[in-house]
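Throughout, protein chains are lettered first and strands after them, A, B, ... in sequence-line order, and every chain is numbered starting at 1. Worth saying up front: this structure is predicted, and the values here are computed from it rather than measured.
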Amino acid sequence: MLESSRVVVVGAGVAGMSTARSLAAAGARVTLIEKGERLGGMAADYACKGTDRCNKCNVCLVHELVRDVKSRPDIHVMTGCTVDGAEALSSGGYRLKVGGREVECSAVVLATGFEPFDASMRPELGYGALPAVVSALDLEKALRDGGGIGEKFRRPIGKVAFVQCVGSRDLQRGRGYCSRVCCMYSLRMARAVRHRNPSIETTVFYMDFQGAGKDPGDLRRRAEAEDGVRFVRARPSEVAPAPDGRAVVWFEDLDGGICRPGEFDLVVLAVGTGPGRDTRTLADMFGLGLDEFGFFAPADPGDEAATGVPGVFVAGTCRGPRDIAESVADGERAALAVLHEQAARRARQKIALSLSAGTWPGRRVLRGQPETVEVSSTVLVLGGTAEGMEAARTLSDLGCRTVIVGEETGSDGDSGAAYSLLARVDEDSSIDVLAGGRLVRLDGQAGGFRATIEGPGGLVSEIGAGALIVATGYRREFPEAARGLAGRACVVGLSELSRGAEMLPTLGGVAGDCTRGVKIRLPGSMGRILAKRAPLGAPSPHLEESGVPWAVSEEHGKGRGGRRAVIWVGVRPDTARAVFREAISAALSALAAGWEVYVLCPEVAVAGPGDEELYLEARRQGAVFVKYDEEPEVQAGSALRVLVRDPCLGAGGAAASAADDVPGLLAVDADVLVVAEEAYPPPDSPELARVLQVNTGPLGFFQDDNVNFLPVLTNRRGIFAIGGCRGATAVADAMVDAHVAAYLAARLVGTGSLHVDWATARVDPDKCALCLTCVRTCPHRAVDVDDEMRAARISRAACWGCGVCASECPGKAISLESCSDDEILASVAPGVTAFCCDHSALIAAEATMAALPTDEAAGLNIVAVPCTGKVDIIHLLKAFERGAEAVMVAGCFDEGCHFLSGNRRARLRVGQAASLLKAVGIEPERVRFYHIGPDMSAAFLEAVQETMQVARELGPVVRRRAG
Amino acid sequence: MIVAERKSLDEILAMLQGCSRVLVVGCGTCVTVCMAGGEKEVGVLASLLRLAAQREGRTVEIGEATIERQCEWEFVDKLAPAIRGYDAVLSMGCGAGVQTIAQRFGGVRVLPALNTKFIGIPEKQGLWVEMCLGCGDCVLDRTGGICPIARCSKGLLNGPCGGSQGGKCEVSKDTDCAWQLIYDRLASLGRLDLLETEFAPKDWSKNRDGGPRKVLREEVML
């Protein structure tokens, strides 16, 4: 149905390319317009930050997107042009003026990206004036170009400082929002810098750590413990020149409260994300709204891709800061929104996907024999969470029948959003709900799953489904440090508070009129610092400096009606990102009800859209935020007292003994303690993961910790994990998951047939010994046992085509289409053979080959493989038999393999080959493994030259007998 | 299944001294499944033998073949055309396979590439453990399905011994005490009473007494 309608995507950055790819996959014709001369946008300049393993920076996704987009004939790319005018057509589309030409389209997706903050706008930080001061983007480019950063910046570098929040969370410059990505990119860059040069010391000056990803707390801990990255909570006020081109960072040391200098060889400013330069022009052209910071604003918070103007959609960082994976997801969602509108425009209730059978983004290099497989278009949603119901509703729009299995309740992760969805789910005839059902068994593969559901009372039913969406949410439980407090009368969980309509007033009965106070131990003359800590806009009750050890602030409490709540958000960074907004909302409600509020937390998590504003509002209204670095102590006897040390108020945490001697210690007598719960997977998660044969990742949540699976893929095709089940997720993010998963599931099975044209592994049943090696090693669980044939059977729909099984099969009964042993070995010739992963090293190699001198290039045989996991040990040995002098295998970083374990298996085989070669008298260093990211052409070149050097030094394997 | 393990390359190269035409023969049954002697391992070993020769400047011809089971005459017969002209056959089968080929092809040296280890299972991918000694007189009915002959380091019938510490055998902390396992299993089955009956000394006549053992079934004979 989309054949006659072209969609124009403006901006070939991450979100634009993702939108274009997604629309094309659904059958649309796409024109992708890019202002610059190349695809990739800002992110094309970023560097892979892999160390010994993948650090989840997502940069590799950009390079793959570029290649995907370039390889699609149904995406027409126009570079070097802008949209200079737009005329609305009566059909609902637009006629755009693009570089002097006219392009008619049915819809426009604006994905024009962001503009990094110009660090010279903060002259006190020395950018542009001091040679030692660079922006994070400068460092990205330096890292990408390879080599030492010292050579790049032409100076010896021993100490590097990262200064966070440059152009973010900055009210003075009208940028009162968090840029969401800088903490993580600085952390990863610090690790990458240390990895490349272990003698470099790195320090990160930051305000609040905004963690993202599966387990950012762990990444930070490892950065500190393994790489010695030092975190200093400070917002440097000035960067001054120092001798030898160095720079001095002046920062306020909380330990003592004085300004200290720190001398560094390189100061990296973590510049924030601002609205793109074209945003205003395009907003005027299409009549779109902007938010107060200049980003495109959604007209309807529930449908963020839509702009309120028919035919115009927005995606990616042009509507606010987001990381690469989020931008990819945003592109998918924008594509879905376009399809949705086009269906509505044709007065069809449901979206028909492309009329041909469903497709799956196959891999470029390897095509298999085309085949159309009948699939079930029913999608099973596990879990009646808000995200589960939203996925079901979206699938219904996409023409799929859905069965929701699970209780009709919100997961612990969402606050009531589920209830508003229930009605819509209830009245939708294409959604069935099996309340109280539980998946106990799953047979079959993508397109043809058979799910055994045990209902209440032991009733068992079997449901056929083409795809499954896991939406079981997350469980919330008091964090370890507060677990003993659960159940106390004056202690309440944050999620209970959020769900209860009455909120705080019902808890007021604990103590009606609190006359107790907040005591603060004042060391020396702390008034100056206290002034800073006072709630914004409110007269501080704590300002009186006195000789007495405790300054009592009873007035504060009395002034607010005498009720005081402490909200303790002592959760991991991943949970904090999901629940902090909830905590601030609770604080605001309590403030509105006349309560005095203290929020205790290690970090203020404000990376979500609007979170910083909400946080500032809470402070304006008088909430006191204490950012502690030692867990608070709660005394919950007959009265409730919370002891917490505010590092801003004094020095010497280590010397602390009795409470009264600890400077900066607050003793808050409170009526209610609200504890923000930590996120955990639901108790039956391990069992469900086993039944589904789906991997879990850090902290036991669903989904591997691997960027290629973001946002919603699991190791099995046709099974998606969304929202809280894959980690603590804010409601808005869970909805994105729901839309993306519904869309991907519909693209896979929505038409009832699936067109398989990608290369898959095939079993020769005569050779199969049923050893089960393939069943066990397939990362995607695509192999079953065919009881009739008495052989392994690989589902074409479920196979990802990595070839790991083919290389592990001890009976050589499995081969990968278009990539048989003979085809691989045909490329092997004397000289150096490099087996390159199609997803990483091969992309790097394409850029490298041009840089290689002709004589060297002649001696290099590059063998493309879909995954290094396809490289069989036999290939390595045969390469030497055929005259190779050295062999290298180059693939993704650990935890970054597209097929999860292929690169790890390849590395094991390289190790095995080395020891076997040694056993027959051949130098083991002739066979080598390298981790190469797709953007690491410099590193690839180094690897090739190193391997060639080995080959030159060792000469041919064959030693002719003298005479 | 029968679990085997490849001999060291030094040992294999030493036994092939003087052979310039070698046929490496794999077996498609047990040793394929235990990843010691299937078609893939044949390819790896053959390749290594060629490389070793190349390295020393020798000319060799290394052939590769894998048959369904080296322990069956009919399958071994299929090697007949392939085997001609080779100085030696390097069998990647278990001991039974090596001997079957040797018996069938009298004129050629048949050499073992594997050490046949035991009857066992893959406890997990890449780790095989011994489960059965083939003692000829199974006692698993009385021991909760856990074999004390194969899995107790001492093969005790009335264990455990004093070397059982924290559920582990004194021989190695990686080895479970079989008698601890037996006790736990019987306890969970509510059959600890089985332990009250002492095992009489084992009748080893069913094992190796009288030389190599035979199983004769007249009703299936032709």
Side-chain angles (χ1 to χ4, degrees), chain A residues 764 766-778 792 805-815 821 825 872-885 887 901 905 908-909 912-913 915-923 926-927 954-963, chain B residues 1-4 6-14 16 24 26-62 64-70 92-93 114 121-128:
Chain A
D764 175 353
D766 290 340
K767 282 182 145 187
C768 176
L770 265 183
C771 69
L772 304 174
T773 299
C774 51
V775 173
R776 294 178 189 137
T777 52
C778 173
C805 57
S807 297
E808 292 290 325
C809 175
K812 300 300 296 170
I814 306 180
S815 61
D821 289 353
L825 290 171
D872 194 323
I873 184 159
I874 289 182
H875 303 151
L876 301 174
L877 299 177
K878 291 256 193 236
F880 288 105
E881 270 192 61
R882 295 180 185 204
E885 290 161 3
V887 175
S901 55
R905 302 224 67 80
L908 288 170
R909 288 182 207 132
Q912 187 196 4
S915 68
L916 288 172
L917 287 171
K918 193 171 171 215
V920 295
I922 296 172
E923 299 81 359
R926 288 178 188 266
V927 52
L954 298 177
V957 169
V958 182
R959 278 190 199 144
R960 299 277 169 227
R961 197 175 285 163
Chain B
M1 87 184 115
I2 290 170
V3 178
R6 204 198 61 231
K7 286 176 176 286
S8 77
L9 279 161
D10 282 348
E11 195 180 348
I12 292 171
L13 288 168
L16 288 174
V24 184
C27 174
T29 308
C30 303
V31 291
T32 292
V33 175
C34 73
M35 304 171 100
E39 184 169 329
K40 177 181 175 141
E41 292 302 318
V42 168
V44 170
L45 183 56
S47 199
L48 286 166
L49 295 178
R50 285 185 211 110
L51 285 168
Q54 281 181 12
R55 189 69 171 164
E56 292 163 12
R58 285 187 288 117
T59 318
V60 291
E61 187 190 327
I62 310 290
E64 300 176 32
T66 300
I67 57 175
E68 184 69 30
R69 283 203 291 283
Q70 290 190 12
M92 298 197 82
L114 306 185
I121 61 160
E123 190 172 278
K124 58 185 179 187
Q125 190 74 0
L127 174 66
W128 292 267

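Of all heavy-atom pairs between B:V33 and A:A769, the closest is CG2-O, 3.9 Å. Nearest heavy-atom pair, B:Q54 versus A:E881, reported as atom, atom and distance to 0.1 Å: NE2-O, 3.5 Å. Here the shortest heavy-atom pairing between A:L877 and B:L51 reads O-CD1, 3.8 Å.
Expressed to the nearest 0.5 Å, how far CZ of B:R55 lies from CZ of A:F880 amounts to 10.5 Å. Between atom NZ of residue A:K767 and atom CD of residue B:E68 there is a gap of 11.5 Å, rounded to the nearest 0.5 Å. B:E39 CD to A:I874 CD1: the interatomic distance, rounded to the nearest 0.5 Å, is 8.0 Å. B:Q125 contributes atom CD, which lies 7.0 Å from atom SG of A:C771 (distance to the nearest 0.5 angstrom).
Both the backbone and the side chain of B:T32 have a heavy atom closer than 4.5 Å to some heavy atom of chain A. Residue contact with chain B, scored on non-hydrogen atoms closer than 4.5 Å, involves the backbone of A:C809 exclusively. Contacts between B:L13 and chain A at a heavy-atom distance below 4.5 Å involve the side chain alone, from C-beta outward. The part of B:R6 that comes within reach of chain A is its side chain, from C-beta onward, which places non-hydrogen atoms under 4.5 angstrom from that chain.
For chain A, the option among B:G26, B:S47, B:G43, B:S8 with the highest count of heavy-atom pairs below 4.5 Å is B:S47.
You'll find the side chain of A:T773 reaches within 4.5 Å of the side chain of B:M35, heavy atoms only.
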Test log, rule side chain to side chain contact (heavy atoms under 4.5 Å, CB included), inputs B:K40 and A:I873: CA-CA 9 Å; B:K40 177 181 175 141; A:I873 184 159; 3.8 Å; yes
